[in-house]
Undergrad: 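After the structure tokens below, expect a handful of questions from me.
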2 protein chains.
Amino acid sequence: MRRPVDAVNAHYPEVVLSTRDRLIDAAARLLDQGGPAAVTLREVGRLAGVSHNAPYKHFADKEDLLAAVAARELARPPRPARRGSGSPAEALSQMMHGYVDWAMRHPARFKLTFGSWSVDSAELGAAATAARTALVAAVSAAQASRDLPQGDPERLAALIQATTHGAVDLALSGHLARSGKGHADPKDLVDDLLGYLSS
Amino acid sequence: MRRPVDAVNAHYPEVVLSTRDRLIDAAARLLDQGGPAAVTLREVGRLAGVSHNAPYKHFADKEDLLAAVAARELARPPRPARRGSGSPAEALSQMMHGYVDWAMRHPARFKLTFGSWSVDSAELGAAATAARTALVAAVSAAQASRDLPQGDPERLAALIQATTHGAVDLALSGHLARSGKGHADPKDLVDDLLGYLSS
DNA sequence: ACCTGAACACCGTTCAAGT
DNA sequence: ACCTGAACACCGTTCAAGT
């Protein structure tokens, strides 16, 4: 008979994580496998090797647990572009392509992270601010090298993020127009925008 | 003691709708009032004056009912711009502003309509195609009057839709950057895009 | 401080039965 | 053809109790 600890070790053979971290991991894994409907506190607890209401000792409720998952994801995707990989414009393009790749690979995490939050988690707000700051810096650099038009870099960053986010969201929900031949790719739309902005 | 028919007449004093239509209306109303969590088949039935499982005689399951709500919404928002209201560029701008207004006014319907659908409702697909066709026509007209760059109108329409959709979605979830002073408006970002495209 | 097991109210769905 | 009432499995949350 398998004991709870076996379920844990099957996934984390070498590493010992706190119960809180194991709960977040379990929720993220269930999200990837079966979408939001698959994330039940009972299954989260079972995967983490605890009872179905142990999560209430670490999170206020289910939404609070999901906010922790979103905060962890938000701190991850907008990784700064590799250095020496080209012009500031190319670095910006790669940054947005990375965002698209992450979102298309983990649609449920993407939808969760950019969903509506009634709880205002400080962790979630700080992660969002950090991600935005990195984007504004990349936009400013591209403006300095004359690859983007001048003007408020925050506003231009918001335009680029809106286009990228919208292209991904429409693609994931199947509402993106098949343009001519072949399926339209969110990356193509992002590059279209950057091309129009640089000319 | 109030009888079921009273609940119906309170909302539709003059009009008699089919049970199916009353179920869709009830679901949309609950969606507006309390978000997706408030849409339970039991409450939908109660509002429509039927039992909590009467919906199963009209829809396969809950998702099928929600798909009918989404299809009805999708057929509504992208109303063609008023005639004689200005240049094709202004007509296009007004069309996207109308989209923004509708989405910001009914956030839950917006999220539902552009959410992921595992059911492939023919009704939903037809409504989406019709909406897209109207946008492509407006884009083509603006290209003809030299207010937008040449090229595949479907692809340009996809870019404009992605930006508009993304700006609304980020604004609704609180992830849109406050640009400088005052809160950023999705309409500003749409106009920024159209401005860059026309120059 | 952290966890468990039982319990409560609620929901989606199914089914036998009614007109 | 359309609807009802009872029933089932499931879920989020609470609570008393254990170490």
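Computed from a predicted structure; not experimentally measured. We name chains A, B, ... by the order of the sequence lines, and we start the count at 1 in each one.
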Undergrad: For B:E43 and C:dG12, give me the distance from atom CD to atom C1', rounded to whole Å.
TA: 15 Å
Undergrad: Find the distance between CG (A:D152) and CD (A:Q143) and round it off to the nearest 0.5 Å.
TA: 8.0 Å
Undergrad: Looking at A:T19, I'd like to know whether one of its side-chain N or O atoms comes within less than 4.0 Å of OP1 or OP2 on C:dC2.
TA: no
Undergrad: List the residues meeting side chain to side chain contact (heavy atoms under 4.5 Å, CB included) with B:T163, not counting sequence neighbours, and say none if there are none.
TA: A:L159, A:T163, B:L159, B:L193
Undergrad: Quick one: B:R20 CZ to D:dA1 P, roughly how many Å, whole number?
TA: 17 Å
Undergrad: Tell me whether B:R132 contacts the main-chain N or O of B:A158 through its side chain, where contact means a donor paired with an acceptor under 3.5 Å.
TA: no
Undergrad: Are there runs of at least three consecutive Watson-Crick or G-U pairs touching DNA chain C, with each pair's two distances under 3.5 angstrom? Give them by first number.
TA: C:4-8 with D:12-16, C:12-16 with D:4-8
Undergrad: Looking at B:D21 and B:R72, is any side-chain nitrogen of the basic one under 4.0 Å from a carboxylate oxygen of the acidic one?
TA: no
Undergrad: I'd like to know if the side chain of A:H58 pairs up with that of A:D64 as donor and acceptor (distance under 3.5 Å, no hydrogens or angles considered).
TA: no
Undergrad: Specify the separation, in whole Å, of atom CG of A:L41 and atom P of D:dC10.
TA: 16 Å
Undergrad: For residues 54-69 of chain B, which residues have at least one heavy atom under 4.0 Å from DNA chain C?
TA: B:Y56, B:D61, B:K62
Undergrad: Is it the case that the base of C:dG12 and the side chain of B:N53 share a donor-acceptor contact (distance under 3.5 Å, atom types as modelled)?
TA: no
Undergrad: Just wondering, do B:F110 and B:M104 contact through their side chains at under 4.5 Å, heavy atoms?
TA: no
Undergrad: Which part of the nucleic acid, if any, lies within contact of B:V39, taking any heavy atom under 4.0 Å across all strands shown: a base, the sugar-phosphate backbone alone, or nothing?
TA: sugar-phosphate
Undergrad: With side-chain contact (heavy atoms from CB on, under 4.5 Å) as the test, would you mind laying out the steps for B:S93 and B:V190 before giving the verdict?
TA: CA-CA 8 Å; B:S93 173; B:V190 171; 5.7 Å; no
Undergrad: Take the protein atom NE2 of A:H52 and the nucleotide atom P of D:dC15, then report the distance between them rounded to whole Å.
TA: 14 Å
Undergrad: If you compare every side-chain N and O of B:T40 against the phosphate oxygens of C:dC10 (OP1, OP2), does one of them come in below 4.0 Å?
TA: no
Undergrad: Starting at OG1 of A:T40, measure out to CG of A:L30 and round the result to the nearest 0.5 Å.
TA: 7.0 Å
Undergrad: Output the distance between atom CE (A:M96) and atom CG (A:L135), rounded to the nearest 0.5 Å.
TA: 5.0 Å
Undergrad: Atom CZ of A:R22 to atom C1' of C:dC3: distance rounded to whole Å?
TA: 12 Å
